[in-house]
S.K.: 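Attaching a single structure in structure tokens format; questions to follow.
Each chain gets a letter, A, B and so on, in the order the sequences are listed, and its residues count up from 1. From a predicted model like this one, the values you see are computed outputs, not experimental measurements.
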2 protein chains.
Amino acid sequence: MPTRKPRSSRTGRATMADVATAAGVSAMTVSRALNRPDKVSEEVRARVAEASRRLGFVPSRLAAALATARSMTVTVLIPSLTNSVFIDVLAGIQETLSPHGYQPVIGVTGYAPEEEERVLRTQLASGPDGVILTGLDHTPATWDLLRGLPTPVVHTMDLARNFAGDTDDALTVGFSQFDAGHAVGRHLVERGRRRIGLIAGQLDPRTRQRCDGWRQALVEAGLHDPALELMVPDSTSVALGAELLERMLAAHPDLDALFLCNDDLAQGALFHCARRGIAVPGRLAVAGFNDLGGAAWTIPPLTTVATPRHAIGVEAARLLLAAINGNDNGPRSVDLGFRLMVRETT
Amino acid sequence: MPTRKPRSSRTGRATMADVATAAGVSAMTVSRALNRPDKVSEEVRARVAEASRRLGFVPSRLAAALATARSMTVTVLIPSLTNSVFIDVLAGIQETLSPHGYQPVIGVTGYAPEEEERVLRTQLASGPDGVILTGLDHTPATWDLLRGLPTPVVHTMDLARNFAGDTDDALTVGFSQFDAGHAVGRHLVERGRRRIGLIAGQLDPRTRQRCDGWRQALVEAGLHDPALELMVPDSTSVALGAELLERMLAAHPDLDALFLCNDDLAQGALFHCARRGIAVPGRLAVAGFNDLGGAAWTIPPLTTVATPRHAIGVEAARLLLAAINGNDNGPRSVDLGFRLMVRETT
DNA sequence: TGTTTCGATGTTACCGCTAACACCAAAGGC
DNA sequence: GCCTTTGGTGTTAGCGGTAACATCGAAACA
């Protein structure tokens with residue numbers, strides 16, 4: 001009867017104890033050899049490495065996490081996976097956390113604070129070392145949860161000072177959506193436009209802030225006409241942009257400028273103009289938002305607002321890492337600004 | 001002196017033992033009340049629920065995972081976060097796994113099999129209950145790792161039968177990249193084009209298969225000219241498409257049709273044509289690949305190949321869930337096909 | 001009425017790792 | 001030469017759950 005290898009684990013995988021036996025040392029020494037090599041003699045280190053390799057040992061992060069109370073994961077909650085804005089933020093987060101051994105774990109909230117609360121609850125069960133959220137509009141229960149957390153929390157895409165609620169002195173990384181919207185409004189005004197409209201979809205708080213900023217700029221110029229605002233809850237798309245512009249022009253043929261709260265809407269609007277022979281910017285000026293991939297490559301190239309999405313992810317992750325490591329003396333709120341990209345549609 | 005609440009945990013959070021004490025039962029009963037309510041009397045169930053709520057108890061998934069050897073996580077490895085193709089797949093996976101309580105954990109491989117191996121290694125340390133990979137081109141060591149896994153593995157975006165290596169009878173979900181490329185090539189030939197070029201970036205194995213299919217179609221028609229192939233390793237973008245088309249036209253002004261291996265390249269090509277006054281499809285036919293968001297909204301609308309990205313994610317997750325639950329008698333390879341979207345650029 | 005059955009609950013022993021402390025031999029100080 | 005330091009290693013206990021088995025009272029049965 002052949003002796004079986006002493007793979008003790010239920011999963012059939014080698015455990016630290018197996019490696020210890022094979023290397024003729026204790027489990028603790030194996031742990032040290034792997035995690036704090038300087039604490040172990042060179043000879044033993046080599047024996048452990050060899051045994052470990054031979055058995056194909058993969059240390060269980062689960063067990064380590066349980067023992068050390070550090071999971072090396074970070075919960076990241078975003079509204080949607082299909083909106084490239086959040087994916088860019090996520091990419092920045094992932095690139096920054098990864099080299100430090102932290103694993104982002106993604107939750108999708110569908111733009112709904114209640115769903116966010118639910119997802120956060122389930123994610124907290126796996127004991128993340130930090131949390132990154134989108135926006136500051138959370139349910140009261142979510143704020144309670146966050147307050148009770150022993151780990152740091154960073155909010156992105158918005159700034160505490162722009163939020164109309166108690167933010168608990170939270171860590172925030174973003175830019176002023178209001179100011180960005182305002183800048184677009186003012187730009188259209190300065191271009192001499194008088195009948196300036198607004199089209200928005202996906203009415204999350206950030207979109208609303210942009211709209212508020214735009215409205216404010218128009219009010220300041222004495223040009224605001226509520227009839228020229230078309231806001232729908234549907235998620236944005238090129239098709240929606242074309243459709244909404246058509247509706248708006250039917251009702252207000254005198255429209256001479258338009259702010260669309262996301263570039264895909266703007267792209268749809270440009271398409272509609274091309275199809276209908278509406279001169280851009282001759283008869284209608286068009287501005288978008290976000291400076292997504294193709295914005296510089298529409299015809300004519302789209303005026304829009306470049307938002308620092310990737311940088312927000314990077315900075316949020318940095319702030320979080322600092323907080324995890326106990327550096328709580330850095331900035332609590334980081335404003336990464338935005339840039340109005342004036343191209344040829346205005 | 002006020003008595004402190006018996007929060008035993010290091011993290012300050014309530015543990016199951018705390019809830020047990022509060023409810024006047026044993027920890028095991030709490031566990032049962034939460035996980036198998038039918039095994040517990042209604043009265044105790046209520047007491048546990050109440051105590052649990054009062055203490056804000058969140059059961060530690062880590063501890064549960066360690067005890068049950070089920071982490072309820074699935075490792076998902078994708079080449080890039082910024083390519084929307086993989087995000088669409090990911091969204092399908094996430095939507096499908098989530099209702100079953102499984103949490104996708106994402107790893108980014110940067111299109112490099114060696115990096116994939118490295119990322120996989122670190123991810124396996126957290127004991128996922130399943131693995132979903134992109135493509136079938138893995139390092140030998142990766143294949144070894146996968147073979148040794150006690151959990152199921154699904155490969156996406158490709159089909160075992162199209163792969164020129166040993167796939168170990170792996171579970172695969174995808175479509176034939178080769179056939180899709182071939183369909184585009186044949187379509188351009190059938191439109192009567194004679195000087196048909198190819199532009200490709202991001203030369204991963206799937207892109208290469210598309211190119212191979214296209215080439216085969218041209219060879220079959222006796223129209224293949226290697227000089228009309230322009231393949232670069234850079235990642236694709238609208239800007240790159242415009243630039244590469246300019247280069248190709250400079251060298252081959254007689255070009256009358258072009259297949260670009262991704263829609264963003266095609267969009268750039270269309271932009272270049274508009275700028276240079278090149279009639280599409282009059283003088284030059286253009287076809288893209290993937291049917292990304294704006295493809296139907298270019299001017300003119302882009303002929304491209306619609307790929308079932310979301311469905312691939314959904315189906316991959318389904319297959320994986322079935323395998324996790326021991327249903328190994330389903331299909332091992334799922335071909336979700338593709339659709340040639342003939343619009344106005346060809 | 002005594003025995004069996006069964007549903008509800010408790011006990012024990014881990015899962016795989018690491019913190020904290022114990023231990024021990026060799027090196028260093030006086 | 002004796003006592004302290006020190007570097008290397010082992011031991012013990014426990015992280016927060018759960019599987020498996022033990023227990024026990026009441027209902028069901030003979």
Side-chain angles (χ1 to χ4, degrees), chain A residues 6-48 51-52 55-72 124-129 150, chain B residues 6-48 51-52 55-72 124-129 150:
Chain A
R7 302 271 171 101
S8 55
S9 165
R10 288 164 302 178
T11 64
R13 293 230 295 270
T15 74
M16 198 168 258
D18 297 332
V19 177
T21 310
V25 294
S26 75
M28 195 62 233
T29 300
V30 175
S31 172
R32 275 193 281 253
L34 266 39
N35 300 324
R36 264 146 32 189
D38 55 302
K39 294 277 174 192
V40 152
S41 76
E42 188 155 351
E43 192 240 327
V44 167
R45 207 185 312 152
R47 277 214 322 269
V48 167
S52 176
L55 296 177
F57 172 62
V58 181
S60 161
R61 220 179 240 259
L62 248 45
L66 190 58
T68 59
R70 308 196 94 217
S71 65
M72 300 305 282
L124 290 183
S126 42
D129 293 337
Chain B
R7 301 270 170 102
S8 55
S9 165
R10 289 164 301 179
T11 63
R13 291 230 296 269
T15 73
M16 198 169 259
D18 297 332
V19 176
T21 310
V25 293
S26 74
M28 195 62 234
T29 299
V30 174
S31 173
R32 276 194 280 252
L34 266 39
N35 300 323
R36 273 170 359 214
D38 54 304
K39 294 276 174 193
V40 151
S41 76
E42 188 156 348
E43 190 241 327
V44 168
R45 205 185 313 151
R47 278 213 323 270
V48 168
S52 175
L55 297 177
F57 172 60
V58 181
S60 162
R61 225 178 238 259
L62 249 44
L66 189 59
T68 59
R70 309 196 94 215
S71 65
M72 299 307 281
L124 290 183
S126 40
D129 292 336

S.K.: Between the axis at one end of the helix from C:dT1-D:dA30 to C:dC30-D:dG1 and the axis at the other (five pairs apiece), what's the angle to 10 degrees?
M.R.: 40°

S.K.: Rounded to the nearest Å, what distance is computed from the CZ atom of residue B:Arg70 to the P atom of nucleotide D:dA19?
M.R.: 11 Å

S.K.: Can you tell me the distance, in whole Å, between the CZ atom of A:Phe57 and the P atom of C:dG16?
M.R.: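 Between P of C:dG16 and CZ of A:Phe57: 10 Å.
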
S.K.: Between A:Thr15 and A:Asp18, is any pair of side-chain heavy atoms under 4.5 Å apart?
M.R.: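 Yes, close enough: below the 4.5 Å cut-off.
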
S.K.: How close do B:Ala51 and B:Ala22 get, counting heavy atoms only, and between which atoms?
M.R.: CB-CB, 3.9 Å

S.K.: Measure from the side chain of B:Thr68, starting at C-beta and using heavy atoms only, and say which of C:dT18, C:dA19, D:dA19 lies closest.
M.R.: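 Between C:dT18, C:dA19, D:dA19, the one nearest the side chain of B:Thr68 would be D:dA19.
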
S.K.: Atom CE of B:Met72 and atom OG of A:Ser126: how far apart are they, to the nearest 0.5 Å?
M.R.: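 That separation rounds to 12.0 Å.
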
S.K.: Mind listing the N/O atom pairs, protein and nucleotides 22-26 of chain C, below 3.5 Å?
M.R.:
none

S.K.: Which residues pass the side-chain contact (heavy atoms from CB on, under 4.5 Å) test with B:Ala64, not counting sequence neighbours?
M.R.: none

S.K.: Quick one: CZ on A:Arg61 to OG1 on A:Thr68, what's the gap to the nearest 0.5 Å?
M.R.: 10.5 Å

S.K.: Considering only distance and modelled atom types, tabulate donor-acceptor pairs under 3.5 Å from the side chains of residues 37-46 of chain B, sequence neighbours left out.
M.R.:
from    : atom 1 : to      : atom 2 : distance (Å)
B:Ser41 : OG     : B:Val44 : N      : 3.3
B:Glu43 : OE2    : B:Arg47 : NH1    : 2.5
B:Arg45 : NE     : B:Pro37 : O      : 3.3
B:Arg45 : NH2    : B:Val40 : O      : 3.2

S.K.: Rounding to a whole Å, what distance do you find between A:Leu66:CG and D:dG17:P?
M.R.: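 These atoms are roughly 9 Å apart.
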
S.K.: Which atom names give the shortest non-hydrogen contact between A:Ser26 and A:Ala20, and what distance separates them?
M.R.: C-CB, 3.6 Å

S.K.: When you measure from the side chain of B:Asp129 to the backbone of B:Arg70, do you find a donor-acceptor pair of N or O atoms at a distance under 3.5 Å?
M.R.: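 Between the backbone of B:Arg70 and the side chain of B:Asp129 there is no qualifying donor-acceptor contact (under 3.5 Å).
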
S.K.: Summarise how protein sits on nucleotides 7-14 of chain D as a single string, 5' to 3': B when a protein heavy atom is under 4.0 Å from the base, S for sugar-phosphate-only contact, - for no contact.
M.R.: -SBBB---

S.K.: Can you tell me how far the CZ atom of A:Arg13 sits from the CG atom of A:Leu55, to the nearest 0.5 Å?
M.R.: 13.0 Å

S.K.: Considering residues at least two apart in sequence or located in another chain, which fulfil the side-chain contact (heavy atoms from CB on, under 4.5 Å) criterion with B:Ala63?
M.R.: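 Residues passing side-chain contact (heavy atoms from CB on, under 4.5 Å) with B:Ala63: A:Leu66, B:Ser60.
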
